[in-house]
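This report concerns only the one structure given below.
Computed from a predicted model, the values in this text were never measured in an experiment.
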Amino acid sequence: MKITEIHIYGYGKLENVRITDMSNFQVFFGENEAGKSTIMSFIHSTLFGFPTKQQNELRYEPKRNSKYGGNIKAEFKDKGVAVIERVKGKATGDVTVTLANGLVGGEELLTELLNGLDKGTFQSIFSFSLHGLQNIHQLKGDDLGRYLLSAGALGTDKLVSAEKALQKEMEERFKPSGKKPPLNEKLKELRDVYDALKKAEKENSEYERLQILRDGTEQKLSRLSEELFNFEHKIHQLTTLERVWPLIIEEKQLDKKIAVSGEVDFPPNGLERLERLQEQLTPLMARMSWLKDKEKSLEALAAEGKPDEDMIANESRINAQLEQLSEFNQILQEKGKAQQKIEEVQEEIDQINSQLNTSFDESKIATVNTSVMVKETVAEVQKHQQQLTDKKKALDAAFVDEKNTIEELENAAAQVKKDLLDKQTKAKLLQQLQTAQGQEKLEAELHEINDQAKQIRTKQTTASKQKVAEQKRQNLFTLVLGILFLALLVSGFVSTQWALVGIGAVGLILIILMSLRSKAPHLTMDHHLEKLEDLQQREQEIKAKLVDVQGDSVASIQPMLEQDEENRKKYYELAARIDQQTLRYERVIQAFEEWEQEQRQLLRNQEQLALSLALPEEVAKGKIYDAFLLLERLKQCFRERARLANQVSMLLEQEREMKEQFESLSERFLKTPFNQVHETAILLRTRLREEIHKQAEYRGSMDKLAEIKEEIAQLNKELEQLKEERESLFALAQVEGEEAFREKGNQAMEVNQWQSRLTEIILQLESAGITGRSELDYEKHPSEVLQKVSKEREEIKTQLDDLRSHLSDLKHKMSVLEEGGLYGHLLHKYRQMKFEFEEEAKEWAKFAIAKEILMKTVDKYRTEKLPKLLEKASEYFRFLTNDEYIRMMPHETTSGFIVERKDHTLFLANELSQATAEQVYVSLRLALTVTLHSRFPYPIIIDDSFVNFDEKRANRTFALLRTLTENQILFFTCHHYLLDQFTEEEVLYLTPTSKQQVN
């Protein structure tokens, strides 16, 4: 969207104002009260409606004009030119939208043009003001980091405001260390009642003590009964002989006791029957009470838990759809893998382009010939290049070797020359030798000198011829090199390539030095002339000495002269070898010239190949075959990327179809807006399970309710029957009340025990074969063991009687205590207050959950969407700071950002200078605008947001804004010094008048 014309009928103090021919970067300059804020508000109001009287924004209604509103002409990418007119009417004004094709509409058409964008979002993303930067001045510490994070997410501090509002609501209800909030007060009251309840429990501890004693007594009764049974069994196990005499004695004693006690009229097993009745009555009564409570709860539960029959009827359809979730996950995985592979392939494409220093795309790479013939040609060129490289290395080594050999030979020749005898010394020795030798020897020496002179003259003639030929060849070589280096020197001066100038100058100097060296006297010729002169001199000396020859000893002089002669021969041989080595050195230099010609030809071939393959020349001079292989791989990458893109399209279509199916189920059964497939699947599965569970619980509740009612009726019958049986027992014992019945029962039980014991003894005696008692001697066979066991058994029985009596007393005392009501009253009050506290705590929890959801949403934004935004924001921030800071990253543990400087030092937002923090804010806002450009290509409105920047920062900021060519920039300012950044055509001057016509 680009605004091209503004016509204000009446808005604030502006009347009949027309602004035409607005540029892509439009600057509105004017002093205070010139109407800058009025024009900004007019743009917002025309696009999104006039502020209502209930809102805090100014309405800018004209004071002296009945007309209120105006129109804006704007260009839309898809719809063309549209005129948006809004005038006074309903609360937000009446709007009319006229398109270039003649279509006329209202708010719906305007909403369609704006892609559903509302005023708040537009102002948050596309409208800059000094207020946003002033907020940065007022924040410190982590608040600054959270504010910048909010600016990167929404463009404003709404996230920070929402977080603070939720925190305030939570603190108004509860503070961990507060006293006045309602939850704190109720918590204190609840604790007071709880303390009183605990105190009542302590006062009622007697009841708990009796409960403990009752349980202990019942356990002891059970244990003693078991011990009694064990003792009787033990007696039965005694041997027949050990049991006979005590049983007979006991039989007599029991007969006496029974005769004394007589018959007791008591129902058989009366006490046991009474205990059984009591034991049956107690649980039945408790069961009856529990069943009645259960009946009430089940009726309430059945009323509340009635299931959704529609969802249960569609259970198979929902399950079938949920079974496709794995297929949906597989589609997502395949799509993710394909997209990741596309990124990897793209990264490889970028890497190859970077390696080749090229920018190939699909169309350009298709034109490159990578056939087998071209590949073979490239391989041959690279092979030739390697051969030349190897040849260069060999020539370099040969050059060093030949040069070193020459230097070694020259050093050896110089050393040998030092060992030669000088002329005077040698002459003196020869004179002495000649003096010592006779005339014949002098004559022989004279003859030898003549022979040597002839040899020297012969060598001198040969060396002269060689020197002339060598001089001609050296002059030719020097001339060629001189022309070459002179051409380099002149070419460097002409093209101002000083490297060529330096090479040419150095080459000419070397040629001059070589020329001077070639003109120096030849070392071998000098030696020949010197020796010839010596021989001539020696010849004269010998001839002079022949006149007067004296015999003398040559033992000491002869070796010295022979050694000197040997040294001279060695010196001459070294001189000859130096000449030969010089020829070899010159052949190496010739080979260098041939190599350079081949190298130039190779470079021409490489340049031609690079041109045909669309490669840079520097790549051709390197490993061109490797570059050719990279081109082949690049073609494969582009084909692979196209294939993966088709695969992603197919997967996206499958994903869309499944989403529609899940969305249909969500709208029908969940009654909530569709969010994500996985979330919807989880909600559907959970809801289905809940409804199935509800159905099962509902049926179970109804079945249990029927069973409980039936059981209550049955229990009533059983209770009545048990009470009747207990009264009949009292009647049979001819007593009234349980206590009298138990006393008589104990007496009857004792007699019955004697009779039972007597019967047992008779049976045991009969089983042992003892039938006649008269024959036994009672005093002769006593059994102390059986007497002791019987005594212990009687003690246990006595303890059992005492424990039963004690148990009855305990139960009576507990029934008395249960009639009290203080503890129950406090318990009821505590539960009521606890319920009220939990209800208010739920209200507090709503805000706590909302805050948690907000923070999780922020965290999700930081991990999923923020990295792409930060990549663009880092690019802008790096530009604004002139590469002083290289990137921004979200903080791992707290809110806000980490900024990395070019020396890789990390800073939190609150550690930055004020101006740098503002640059972070601007980078985030612009990155947010560019990120949403594809959906919201709207103008960016800036109201003097850079007045705190110095000149360099402001210049870079405006340079960055000029790169945003897709968005129109509307910049409002009252600072004249900022106008230097713009052309006259971009600046619109506003004057503080009530009416104006601006063109």
Side-chain angles (χ1 to χ4, degrees), residues 1-4 6 21-29 36 39-40 43-44 47 72 74-78 113-115 117 121-130 132-133 148 151-156 865-883 885-888 915-916 918-949 951-973 975 978-983 985-988:
M1 172 184 175
K2 178 184 176 183
I3 299 175
T4 59
I6 296 175
D21 299 330
M22 294 176 62
S23 62
N24 200 49
F25 201 131
Q26 184 64 56
V27 180
F28 295 85
F29 172 76
K36 298 186 299 299
I39 294 175
M40 288 179 59
I43 294 173
H44 293 154
L47 293 178
I72 290 177
E75 295 178 358
F76 292 88
K77 186 176 181 181
D78 299 330
L113 286 177
L114 298 177
N115 293 321
L117 187 70
T121 305
F122 179 83
Q123 291 178 332
S124 299
I125 298 175
F126 299 97
S127 184
F128 285 57
S129 66
L130 191 60
L133 299 182
L148 290 176
L154 301 177
T156 65
K865 298 182 180 179
L866 188 59
K868 294 181 180 179
L869 176 69
L870 283 185
E871 183 179 357
K872 179 59 69 175
S874 297
E875 177 185 343
Y876 290 162
F877 187 51
R878 187 163 56 248
F879 179 82
L880 291 177
T881 59
N882 197 19
D883 293 330
Y885 294 88
I886 58 177
R887 62 171 173 165
M888 292 185 291
T916 306
E918 291 180 5
Q919 287 180 315
V920 172
Y921 173 80
V922 172
S923 300
L924 289 169
R925 289 296 301 272
L926 291 178
L928 183 64
T929 302
V930 173
T931 303
L932 295 179
H933 170 259
S934 59
R935 293 179 58 197
F936 306 112
Y938 302 115
I940 301 174
I941 302 175
I942 305 172
D943 182 15
D944 261 350
S945 296
F946 315 125
V947 295
N948 294 328
F949 287 178
E951 184 178 357
K952 291 183 179 179
R953 293 176 190 255
N955 292 343
R956 298 196 68 83
T957 302
F958 288 121
L960 176 60
L961 288 174
R962 289 192 180 277
T963 63
L964 308 180
T965 56
E966 298 296 329
N967 294 78
Q968 185 183 24
I969 310 294
L970 304 181
F971 181 61
F972 295 82
T973 181
H975 297 278
L978 293 177
L979 300 183
D980 295 337
Q981 302 291 328
F982 311 102
T983 63
E985 292 76 10
E986 293 175 335
V987 180
L988 180 65

With sequence neighbours left out, the residues meeting salt bridge (Lys or Arg N to Asp or Glu O under 4.0 Å) with Lys2 are none
Heavy atoms of Ala873 and Ser923 approach each other most closely as O-CB, 3.6 Å
- Item | Worked verdict on Leu961 versus Ile942 for side chain to side chain contact (heavy atoms under 4.5 Å, CB included) | CA-CA 11 Å; Leu961 288 174; Ile942 305 172; 3.8 Å; yes
Across all chains, not counting sequence neighbours, the side chain to side chain donor-acceptor pair (under 3.5 Å) partners of Thr973 are Asp944
Residues at least two apart in sequence or cross-chain that pass side-chain contact (heavy atoms from CB on, under 4.5 Å) with Glu875, listed by chain then number, are Lys872, Arg878
When Phe29, Phe958, Phe28 are each screened for ring-ring contact (aromatic ring centres under 6.0 Å, His included) with Phe971, the one that passes is Phe958
Is there a side-chain contact between Val27 and Leu978 (heavy atoms, below 4.5 Å)?
-> no
Check whether any side-chain heavy atom of Leu114 lies under 4.5 Å from a side-chain heavy atom of Met1, and answer yes or no.
yes
Between the CG atom in Leu880 and the CG atom in Leu926, the distance rounded to the nearest 0.5 Å is 7.5 Å
Correct closest heavy-atom pair for Leu960 and Phe879 would be N-CE2, 3.6 Å
Correct closest heavy-atom pair for Met22 and Gln26 would be CA-OE1, 3.4 Å
Correct closest heavy-atom pair for Ile941 and His44 would be CD1-NE2, 3.8 Å
Those residues at least two apart in sequence (or on a different chain) that pass side-chain contact (heavy atoms from CB on, under 4.5 Å) with Thr983 are Glu985, Glu986
When every non-hydrogen atom of Asn24 is compared with those of Thr965, the smallest separation belongs to ND2-O, 3.4 Å
Rounded to the nearest 0.5 Å, the CD1 atom of Ile6 sits from the CD1 atom of Ile43 at a distance of 4.0 Å
Sorted by chain and number, sequence neighbours left out, salt bridge (Lys or Arg N to Asp or Glu O under 4.0 Å) with Glu951 holds for none
Test item: Glu75 side-chain N/O and Thr4 main-chain N/O as donor-acceptor pair under 3.5 Å: no
Nearest heavy-atom contact between Asn967 and Ile940 is CB-CD1, 3.8 Å
Residues passing the side-chain contact (heavy atoms from CB on, under 4.5 Å) test with Arg953, sequence neighbours excluded, are Ala915, Thr916, Gln919, Phe949, Asp950
So OH of Tyr876 and CE of Met888: to nearest 0.5 Å the spacing works out to 11.0 Å
